[in-house]
Amino acid sequence: MNILILGSGGREHAFALKLSQSNKINQLFVAPGNAGTDKIAKNINISLTDFEAVKKTVLENEIKMVVVGPEVPLVAGIHDFFLADEDLKNIPVIGPKKDGALLEGSKDFSKQFMQKHGVPTARYQSFTKENLTEGFAFLETLAPPFVLKADGLAAGKGVLILNSLEEAKAELEEMVSNNKFGEASSTVVIEEFLKGIELSVFVLTDGKNYKILPSAKDYKRISEGDTGLNTGGMGAISPVPFADEAFLNKVEELVVKPTIAGLLKDGIDYRGFIFIGLMNDNGNPSVVEYNVRMGDPETEVVLPRIESDLFDLFDGVANQNLDEKSFKVTSKTATTVMLVAGGYPEAYEKNKEITGLENVTESTVFHAGTIIKDNKVVSNGGRVMAVTSFGDTIEEALEKSYRSIAKISFDKMNYRKDIGFDLI
Ligand code: AMP
Ligand code: GLY
């Protein structure tokens with residue numbers, strides 16, 4: 001069978017590598033892909049929101065399943081587009097339809113969903129410019145720090161955490177009245193600040209049955225010691241040592257089961273991944289957010305730990321018999337460290353030649369922002385590649401990743417030297 005993966009990051013390279021190991025797959029296509037996916041699949045240079053171009057690609061290449069990496073095409077309704085098209089309606093899409101994608105596409109919707117279905121989460125209210133003064137009043141009932149979230153997609157930048165009430169009020173006004181994050185912030189969710197340690201749990205569901213995938217911890221800030229600007233993610237570790245069996249059981253009972261049951265009850269036929277951002281506060285889980293896709297770079301540690309055939313799991317999602325599929329995870333630890341362009345997440349340069357990749361032997365390099373130019377691998381984004389390694393311990397896996405990184409170089413290459421150190 002031929003499969004198309006949509007996206008161009010380390011996440012999609014990890015999907016491609018894992019799927020390429022399935023003997024049920026004939027040819028893999030990635031759109032638009034990167035220099036890493038180019039080695040194991042055929043890259044197709046189309047825009048992810050150009051659904052007609054996706055259709056053409058699918059029909060021309062006899063593709064029989066589409067795996068959607070990022071949230072934007074899901075929120076824009078790519079799954080609904082397939083179901084409404086005579087030629088595409090029988091081709092399964094791994095990723096929710098518009099109604100399910102709202103769990104990420106609208107923070108207000110996802111908070112309402114959690115409240116309705118009894119999923120533990122921070123107390124909240126939503127505001128627009130019409131009830132701004134009530135928003136100020138709600139802020140006055142909360143203790144600092146204040147958490148303001150743009151309702152819509154804002155490329156990971158829509159959450160503000162502010163220490164002073166004055167600042168919070170001013171930012172709220174900027175968001176709803178002056179479109180600080182465009183249309184995305186015309187509605188703002190204000191919520192209580194959650195204490196604890198953050199981690200992510202990933203679920204694959206066919207709408208009725210689910211598999212809980214390995215948990216992971218992501219490192220979001222650009223600099224060591226979790227300082228500096230927020231990024232898409234600078235590294236990840238799986239499993240998460242503080243997510244022990246007792247905690248993960250609570251996550252399954254209090255979060256995963258009511259989420260799946262809630263989707264069913266609300267008539268949302270959800271086929272795909274649910275990324276649950278959690279706070280662990282003294283052993284009790286509370287949901288920070290849902291995403292309707294896998295995380296990046298979390299995928300680069302979660303998928304390598306899955307020993308089962310990923311295609312078989314996707315087949316279970318498509319045929320709604322995920323419960324019949326075998327699912328095995330290695331107990332080994334996986335770590336990944338992101339190599340980023342100097343300057344990222346602010347302005348940075350592209351087109352830097354990347355050398356030394358052929359000398360990496362004890363890690364897997366997942367490409368993110370890379371392309372091939374004149375037969376050379378060059379950088380093409382802020383997050384350039386993720387270096388993943390296995391070990392019996394976090395230390396052992398990290399030592400391998402850092403030894404591998406020492407062999408790779410490009411102009412102004414930057415990375416965090418302390419991924420996972422807080423867990424050792
Ligand atoms: P989100 O886009 O919802 O994941 O928010 C971005 C980041 O802000 C999260 O990863 C958390 O670190 C932080 N955050 C969001 N909501 C809260 C909250 N209610 N309490 C504490 N931290 C939060
Ligand atoms: N690494 C966080 C995300 O994928 O949203």
Side-chain angles (χ1 to χ4, degrees), residues 7-12 14-15 68-72 74-75 103-111 114-115 119-126 138-139 142-163 168 181 184-185 188-202 213 215-222 226-227 229-238 240 273-281 284-303 336-338 340 345 366 368 382-383 386 416 419:
S8 61
R11 169 180 52 210
E12 288 75 21
F15 276 133
V68 186
E71 65 280 13
V72 169
L74 293 168
V75 172
L103 284 181
E104 178 165 0
S106 166
K107 301 253 186 218
D108 180 50
F109 174 85
S110 81
K111 294 297 286 191
M114 287 185 248
Q115 207 167 45
V119 175
T121 190
R123 191 164 66 91
Y124 85 105
Q125 279 184 35
S126 299
F138 183 63
L139 281 170
L142 299 173
F146 302 95
V147 183
L148 307 185
K149 301 185 170 184
D151 175 56
L153 292 185
K157 297 191 171 67
V159 176
L160 299 179
I161 299 186
L162 305 156
N163 286 316
F181 299 104
S185 68
V188 169
V189 165
I190 301 179
E191 67 179 32
E192 246 171 5
F193 184 81
L194 295 165
K195 295 188 307 305
I197 331 179
E198 234 177 314
L199 74 155
S200 301
V201 168
F202 302 90
L213 311 182
S215 57
K217 184 174 192 285
D218 174 22
Y219 293 78
K220 284 212 160 92
R221 302 293 196 92
I222 185 71
D226 291 327
T227 57
L229 293 172
N230 253 319
T231 71
M234 296 294 289
I237 306 282
S238 176
V240 184
F273 292 100
I274 310 175
F275 164 157
I276 307 172
L278 288 167
M279 207 60 94
N280 174 343
D281 183 10
N284 293 312
S286 190
V287 176
V288 176
E289 62 168 349
Y290 291 116
N291 294 311
V292 298
R293 52 174 173 84
M294 284 297 291
D296 195 350
E298 292 92 329
T299 307
E300 293 93 298
V301 290
V302 169
L303 286 193
T336 199
V337 179
M338 266 289 172
V340 304
F366 292 110
R383 292 195 298 168
R416 267 182 67 167
I419 297 301

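Only this structure's heavy atoms are used, side chains among them; waters, hydrogens and symmetry mates stay out. All ligand and atom numbering here is 1-based and tracks the order in the structure.
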**Study point:** For the student: nearest non-hydrogen atoms of Gly10 and Phe366, plus distance
**Key:** O-CB, 4.1 Å

Review point. Would you say Thr121's side chain and Val287's backbone share a donor-acceptor pair under 3.5 angstrom?
Key: yes

Revision key, fill the gap. Among Arg11, Arg293, Glu104, closest by heavy atom to atom 5 (O) of ligand 2 is Arg293

Practice item. Drop me the distance from Glu298's CD to Leu213's CG, to the nearest 0.5 angstrom. Key: 12.0 Å

Check your understanding: Should the proximity of Glu192 to ligand 1, defined as any heavy atom under 4.0 Å, be assigned to the side chain, the backbone, both, or neither?
Key -> backbone

Exercise for review: Enumerate the atoms of ligand 2 whose separation from the nearest heavy atom of Phe275 is less than 4.0 angstrom.
Suggested key: 3 (C), 4 (O), 5 (O)

Exercise for review: Please confirm whether the backbone N or O of Val292 pairs with a side-chain atom of Glu104, one donor and one acceptor, at under 3.5 Å?
Suggested key: yes

Point to revise | Closest non-hydrogen atom pair between Glu300 and Gly295, with its separation | key: OE1-O, 4.3 Å

Practice item. Check if Met279 has a non-hydrogen atom at a distance under 4.0 Å from any atom of ligand 1. Key: yes

Check your understanding: Charged N to carboxylate O under 4.0 angstrom, Asp151 versus Lys111?
Key -> no

Check your understanding: Taking the side chain from Arg383 and the backbone from Gly232, do they hold a donor-acceptor pair closer than 3.5 Å?
Key -> yes

Point to revise | Atoms of ligand 2 close to Gly295 [distance to a heavy atom under 4.0 angstrom, numbered from 1] | key: 4 (O)

Review point. Looking at side-chain heavy atoms only, is the closest gap between Gln115 and Tyr124 below 4.5 Å?
Key: yes

Review point. Does atom 17 (C) of ligand 1 have a protein heavy-atom neighbour under 4.0 Å away?
Key: yes

Review point. Does ligand 1 have any atom that is closer than 4.0 Å to a heavy atom of Asn230?
Key: no

Check your understanding: If hydrogens are left out, which of Arg221, Glu198, Lys220 has an atom nearest to atom 11 (C) of ligand 1, that is, the closest non-hydrogen atom?
Key -> Glu198

Check your understanding: Less than 3.5 Å between some nitrogen or oxygen of Lys220 and one of ligand 2, yes or no?
Key -> no

Practice item. For Val288, take its heavy atoms, then give the atoms of ligand 1 lying under 4.0 Å from any of them. Key: 14 (N), 15 (C), 16 (N)

Review point. For atom 1 (P) of ligand 1, which protein heavy atom lies nearest, and how many Å away is it?
Key: Glu289 OE1, 3.2 Å

Review point. Against heavy atoms of Ile161, which atoms of ligand 1 measure under 4.0 Å?
Key: 8 (O), 13 (C), 14 (N), 22 (N), 23 (C)

Practice item. Could you tell me the separation between the CE atom of Met234 and the NZ atom of Lys220, rounded to the nearest 0.5 Å? Key: 13.5 Å

Review point. Which atoms of ligand 2 have any heavy atom of Gly232 under 4.0 Å away?
Key: 1 (N), 2 (C)

Check your understanding: Going by the order shown, which atoms of ligand 1 are within less than 4.0 Å of some heavy atom of Lys107?
Key -> 1 (P), 2 (O), 3 (O)

Check your understanding: Any nitrogen or oxygen of Leu194, main chain or side chain, under 3.5 Å from a nitrogen or oxygen of ligand 1?
Key -> yes

Check your understanding: Is Ser238 reaching over with its side chain to a backbone N or O of Ser215, donor-acceptor style, under 3.5 angstrom?
Key -> yes

**Study point:** NZ or CZ of Lys217 within 45° of Tyr219 ring axis and under 6.0 Å
**Key:** yes

Review point. Numbering the atoms of ligand 1 from 1, which are under 4.0 Å from a heavy atom of Glu191?
Key: 16 (N), 17 (C), 18 (C), 19 (N)

Exercise for review: Could you tell me whether the side chain of Asp296 and the main chain of Arg11 form a donor-acceptor pair under 3.5 Å?
Suggested key: yes

**Study point:** Proximal atoms of ligand 2 relative to Asp218 (non-hydrogen, under 4.0 Å)
**Key:** 1 (N), 2 (C)

**Study point:** Atom indices of ligand 1, in the order listed, that fall short of 4.0 Å to a heavy atom of Lys149
**Key:** 3 (O), 15 (C), 16 (N)

Check your understanding: Contact between Gly233 and ligand 2, counting heavy atoms under 4.0 Å?
Key -> no

Review point. Which atom names give the shortest non-hydrogen contact between Leu278 and Pro285, and what distance separates them?
Key: CD2-CB, 4.2 Å

Exercise for review: Have a look at ligand 1 and work out which part of Val159, if any, has a heavy atom under 4.0 Å from it: side chain, backbone, both or neither.
Suggested key: side chain

Exercise for review: May I ask you to list the atoms of ligand 2 that are less than 4.0 angstrom from any heavy atom of Glu298?
Suggested key: 1 (N), 2 (C), 4 (O)

